[in-house]
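Since the structure comes first, as structure tokens, the remarks are kept for the end.
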Amino acid sequence: MSIKRHQEPVLSKTDGFPVLEIQSWYFRKLGIVQSYIKAYNNRFDLRNKNKMLVYIGAGPGLVTANKKEDARQGTPLTILSASQFQRYIFCEKNTDFASALKVRVGKKHPKKNVIILEGDINQTIEKLAPYLPDKIAGSETAILCIIDIQSFDINFETIEILADM
């Protein structure tokens, strides 16, 4: 019989907030996300649409592959640094990660229009609706929703609700 030990979170040496421990595949995923966002932005820039990004499973904003090294920007901060969306919604179920992300976004990107929702999206999907534009024909806002399935278990019903929104 094995006993599960509570693993202490890895904290950033810079700000003392938690960081996400990552595996080697993470940087490949980040590159794919960046390439997809670039293509998405190029397509909708041609249509002169406002763009909104919804990222489910955002994490704390900083990541580390090795507890001894300094943390690097995670997906949300990388997206904010390079993307040209008018609004961003980051969803994170881990309360400590969501709190850390709020502080880090506030410090690094205070002028960006960012909302951070915390809680399991499967139970709190209704929190998202007020922040999305009304669904009408010819809407001037294009929404890109990215779901990080490595960090978030999402129910199919939740995906259907997101699609309806």
Self-check item: Cys145 to Ile56 - nearest heavy-atom pair and separation
Solution: SG-CD1, 4.0 Å
Self-check item: Minimum-distance pair of heavy atoms, taken over all atoms of Pro76 and Gly61
Solution: CG-CA, 4.3 Å
Quiz item: Would a 4.5 Å heavy-atom cut-off, applied to side chains only, mark Phe85 and Ile37 as touching?
Solution: yes
Practice problem: Output yes when a side-chain donor or acceptor of Gln86 lies under 3.5 Å from a complementary backbone atom of Lys51, and no otherwise. | Solution: yes
Quiz item: Under 6.0 Å from the CZ atom of Phe27, do we count more than 12 heavy atoms belonging to anything else shown?
Solution: yes
Quiz item: Is there side-chain contact between Asp96 and Pro60, with at least one heavy-atom pair below 4.5 Å?
Solution: no
Quiz item: Given side chains that start at C-beta, do those of Phe90 and Leu53 come closer than 4.5 Å, heavy atoms only?
Solution: yes
Quiz item: Of the non-hydrogen atoms in Pro133 and Ile143, which two are nearest, and what is the gap between them?
Solution: CD-CD1, 3.7 Å
Exercise. Kindly compute the distance separating CD (Gln123) from OG1 (Thr158), expressed to the nearest 0.5 Å.
Key: 8.0 Å
Quiz item: Which atoms form the tightest heavy-atom contact between Ser12 and Leu62, and what is the distance?
Solution: OG-CD1, 4.0 Å
Quiz prompt | In one Ile/Leu/Val/Met/Phe/Trp/Tyr side-chain cluster, 4.5 Å: Ile22, Leu11 | solution = no
Quiz item: Taking it one step at a time, do Leu117 and Thr124 satisfy side chain to side chain contact (heavy atoms under 4.5 Å, CB included)?
Solution: CA-CA 9 Å; Leu117 301 176; Thr124 60; over 6 Å; no
Quiz item: At what distance, to the nearest 0.5 angstrom, does CD1 of Ile125 lie from NZ of Lys127?
Solution: 11.5 Å
Practice problem: Could you tell me whether the side chain of Leu30 reaches within less than 4.5 Å of the side chain of Tyr26, counting heavy atoms only? | Solution: yes
Quiz item: CD of Gln84: more than 12 outside heavy atoms within 6.0 angstrom?
Solution: no
Quiz prompt | Leu101 with Val103, same ILVMFWY side-chain cluster at under 4.5 Å | solution = no
Quiz item: Ile115 and Leu132: same hydrophobic cluster, using ILVMFWY side-chain contacts below 4.5 Å?
Solution: yes
Quiz item: Does any N or O in the side chain of Glu92 come within less than 3.5 Å of the main-chain N or O of Glu118, such that one atom is a donor and the other an acceptor?
Solution: no
Practice problem: Flag the pair Thr78 / Arg72 as yes when at least one side-chain heavy-atom distance between them is below 4.5 Å, and no otherwise. | Solution: no
Quiz item: Side chain of Tyr88, backbone of Ile116: donor and acceptor closer than 3.5 Å?
Solution: no
Practice problem: Any chance you could lay out the side chain to side chain contact (heavy atoms under 4.5 Å, CB included) test for Val54 and Leu128, step after step, and finish with the verdict? | Solution: CA-CA 9 Å; Val54 177; Leu128 190 57; 4.3 Å; yes
Quiz item: How far apart are the C-alpha atoms of His109 and Leu77, what are their side-chain angles, what is the distance that settles it, and do they pass the side chain to side chain contact (heavy atoms under 4.5 Å, CB included) test?
Solution: CA-CA 8 Å; His109 302 282; Leu77 295 180; 4.1 Å; yes
Practice problem: Measure the CG-CG distance between Asn94 and Asp120 for me, rounded to the nearest 0.5 Å. | Solution: 11.5 Å
Practice problem: Report yes or no: do Leu20 and Trp25 belong to one cluster of Ile/Leu/Val/Met/Phe/Trp/Tyr joined by side chain heavy-atom distances under 4.5 Å? | Solution: yes
Self-check item: Heavy atoms of other groups near Lys13 NZ, more than 12 under 6.0 Å
Solution: yes
Quiz item: Under a 4.5 Å side-chain heavy-atom rule over Ile, Leu, Val, Met, Phe, Trp and Tyr, are Ile146 and Val105 clustered together?
Solution: yes
Quiz prompt | Minimum heavy-atom distance between Lys29 and Tyr55, given as atom pair plus value | solution = NZ-OH, 3.3 Å
Quiz prompt | Minimal non-hydrogen separation, Gly74 against Val63, with atom names | solution = CA-CG1, 3.9 Å
Exercise. Sequence neighbours left out, what passes salt bridge (Lys or Arg N to Asp or Glu O under 4.0 Å) with Asp15? Give chain and number order.
Key: Arg104
